There are 2 protein chains.
Amino acid sequence: MKAAVEEAQRKLNVYMRERGLKHTRQRDEILEAFFAAGGHVSIDDLLGQVQERMPGVGYATVYRTMKLFGEAGVAHERHFKDGQSRYEPVVDDEHHDHIICTVCGTIFEFEDPVIEQRQADIAAAHGLTVEHHRHEIYGSCQTPSTCVHRARAG
Amino acid sequence: MKAAVEEAQRKLNVYMRERGLKHTRQRDEILEAFFAAGGHVSIDDLLGQVQERMPGVGYATVYRTMKLFGEAGVAHERHFKDGQSRYEPVVDDEHHDHIICTVCGTIFEFEDPVIEQRQADIAAAHGLTVEHHRHEIYGSCQTPSTCVHRARAG
DNA sequence: ATTCCTGCAAACCTTTTGCAGAGGT
DNA sequence: ACCTCTGCAAAAGGTTTGCAGGAAT
């Protein structure tokens with residue numbers, strides 16, 4: 001499997017070239033740190049990573065860059081309860097959803113045409129067209145000790 | 001149908017009595033405004049409502065009160081992309097999901113038995129029982145200028 | 001009387017913005 | 001050369017906290 005970061009790089013380059021934006025070392029580093037981290041990174045996390053290789057970098061650059069990544073369709077901004085924005089990589093042409101075992105933390109992916117269709121219907125009923133969605137199911141197997149997934153959990 | 005606010009009042013009273021907290025006019029007003037608003041209220045919304053009846057009330061009180069409501073299990077704090085916390089009533093044994101207009105920010109609620117059922121099935125297929133889930137649909141009407149929801153957006 | 005609450009203002013934290021200089025095209 | 005990007009610092013939200021007086025028990 002090709003590294004997702006390469007796909008992102010291409011996408012980003014196209015986006016930037018289209019509007020005359022420039023390729024800089026900072027953007028490279030941030031992109032790399034972002035994908036290396038895997039997901040749900042905060043600005044602080046990223047800044048910390050990037051500063052190990054480029055000590056001068058400041059918050060503003062990271063903020064601006066993540067916003068750019070968002071516009072380029074490379075990163076997605078999420079908000080949890082801690083008041084900080086967190087970012088996760090956008091994985092293309094495959095909008096799978098997640099089902100997460102609350103016992104062992106295993107994350108499965110699923111995609112269900114029936115649900116997709118219902119979503120479109122519901123949106124239409126409100127006069128909207130679906131752009132994207134987020135769907136996470138949390139559940140558990142029986143008990144921690146009998147958790148079927150534990151073996152394969154990270 | 002009994003007003004949900006009464007249920008919440010009872011729940012809140014129990015919680016407060018248990019820990020010697022006090023019943024005040026402010027808390028009453030905020031609770032009422034909170035339930036009157038229906039859902040997805042921001043602190044500003046609440047403060048505005050409450051100040052119509054109690055001009056002196058400040059932000060701090062509303063923040064502290066909503067935090068209290070959260071702890072008492074009467075309100076649930078949510079974070080969307082606009083950087084503000086929004087609150088919605090906790091309605092027992094009934095959960096809804098959200099559909100959000102990316103043009104005007106209007107938030108609708110929906111609940112769909114078909115989707116609920118599929119979720120349970122999908123979870124079962126992975127050996128899990130659903131505990132809770134999070135489902136947000138983002139979509140738009142045509143263009144900002146023709147946005148149907150704009151009229152009712154805050 | 002005691003203890004909790006309120007309102008104000010200041011503090012705090014995250015994010016955004018203005019600007020002058022550095023860097024990419 | 002031109003225009004964008006960066007880093008700094010200041011500004012701008014949103015939320016929290018310290019404190020002195022006020023209210024509930």
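Only a predicted model underlies this, so the values are computations on that prediction, with no experimental measurement involved. Reminder, nothing fancy here: chain letters follow the sequence lines and each chain counts from 1.
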J.: How do B:Gly56 and B:Gly20 order along DNA chain C: which one's closest nucleotide is nearer the 5' end?
T.: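 Nearest-nucleotide comparison on DNA chain C picks B:Gly20.
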J.: Any sub-3.5 Å donor-acceptor pair from A:Arg27's side-chain atoms to A:Lys22's backbone N or O?
T.: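 Yes: the side chain of A:Arg27 pairs with the backbone of A:Lys22.
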J.: Rounded to the nearest Å, what distance is computed from the CG atom of residue B:Leu47 to the P atom of nucleotide D:dT15?
T.: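 Going from CG in B:Leu47 over to P in D:dT15 covers 12 Å.
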J.: Round to a whole Å and report the spacing from CG of B:Asp28 to P of D:dA23.
T.: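 Nearest whole value for this atom pair: 16 Å.
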J.: Could you check how far CD of B:Glu29 sits from P of C:dT6, rounded to whole Å?
T.: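 Nearest whole value for this atom pair: 12 Å.
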J.: Kindly point out which of C:dT6, C:dT15, C:dG24 is positioned nearest to the side chain of A:His23?
T.: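 Selected nucleotide (nearest to the side chain): C:dG24.
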J.: Picking from D:dT15, C:dT17, D:dG14, which would you name as closest to the side chain of B:Ser85?
T.: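 Nearest listed nucleotide: D:dT15.
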J.: Is any side-chain N or O of B:Thr24 closer than 4.0 Å to OP1 or OP2 of C:dT6?
T.: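 Affirmative; the distance criterion is met.
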J.: Which heavy atom of B:Ala33 sits nearest a heavy atom of B:Val50, and at what distance?
T.: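 Of all heavy-atom pairs spanning B:Ala33 and B:Val50, the closest is CB-CG2, 3.9 Å.
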J.: Any side-chain N or O of B:Arg25 below 4.0 angstrom from OP1/OP2 of D:dA23?
T.: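 No, because none of the side-chain N or O atoms of B:Arg25 sits under 4.0 Å from OP1 or OP2 of D:dA23.
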J.: Hey, is the side chain of B:Gln26 poking within less than 4.0 Å of OP1 or OP2 on D:dA23, counting only N and O atoms?
T.: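 So the side-chain polar atoms of B:Gln26 never come under 4.0 Å of the phosphate oxygens OP1 or OP2 of D:dA23.
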J.: So, does A:Gln51 use its side chain to make a donor-acceptor pair with the main chain of A:Val57 at under 3.5 Å?
T.: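 Yes, the answer is positive, given that a donor and an acceptor are paired below the 3.5 Å cut-off.
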J.: If you find the nucleotide of DNA chain D closest to B:Lys67 and the one closest to A:Met16, which residue's nucleotide is nearer the 5' end?
T.: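 The answer here is A:Met16.
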J.: For A:Arg19 and C:dT25, what is the distance between atoms CZ and P respectively, to the nearest whole Å?
T.: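 Distance, rounded to whole Å: 17 Å.
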J.: Round to a whole Å and report the spacing from OH of B:Tyr59 to P of D:dG14.
T.: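 Result: 8 Å.
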J.: Tell me: CD1 of B:Ile43 to P of D:dG14, nearest whole Å?
T.: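 So the CD1-P distance, B:Ile43 to D:dG14, works out to 11 Å.
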J.: Quick one: is C:dT6 close enough that its OP1 or OP2 comes under 4.0 Å of any side-chain N or O from B:Thr61?
T.: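 Checking B:Thr61 against C:dT6: no side-chain N or O falls below 4.0 Å of OP1 or OP2.
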J.: Under 4.0 Å: is that the gap between some side-chain N or O of A:Tyr63 and OP1 or OP2 of C:dT15?
T.: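 Yes, because at least one side-chain N or O of A:Tyr63 sits under 4.0 Å from OP1 or OP2 of C:dT15.
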J.: What nucleotide among D:dG7, C:dG24, D:dA23 has an atom nearest to a side-chain atom of B:Lys22?
T.: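 Closest nucleotide among those given: D:dA23.
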J.: Locate the shortest heavy-atom distance separating B:Met66 from B:Ala75; write the atom from each residue and the value.
T.: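 Smallest heavy-atom distance, with atoms named: CE-CB, 3.9 Å.
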J.: Taking the nucleotide of DNA chain D with the nearest heavy atom to each, does B:Gln84 or B:Leu21 sit closer to the 5' end?
T.: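 Mapping each residue to its closest nucleotide by heavy atoms, the 5'-most match is B:Gln84.
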J.: Would you kindly check whether a donor in the side chain of A:Arg64 faces an acceptor in the base of D:dG7, or vice versa, at under 3.5 angstrom?
T.: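 When only heavy-atom distances are counted, A:Arg64 does reach the base of D:dG7 through a donor-acceptor pair under 3.5 Å.
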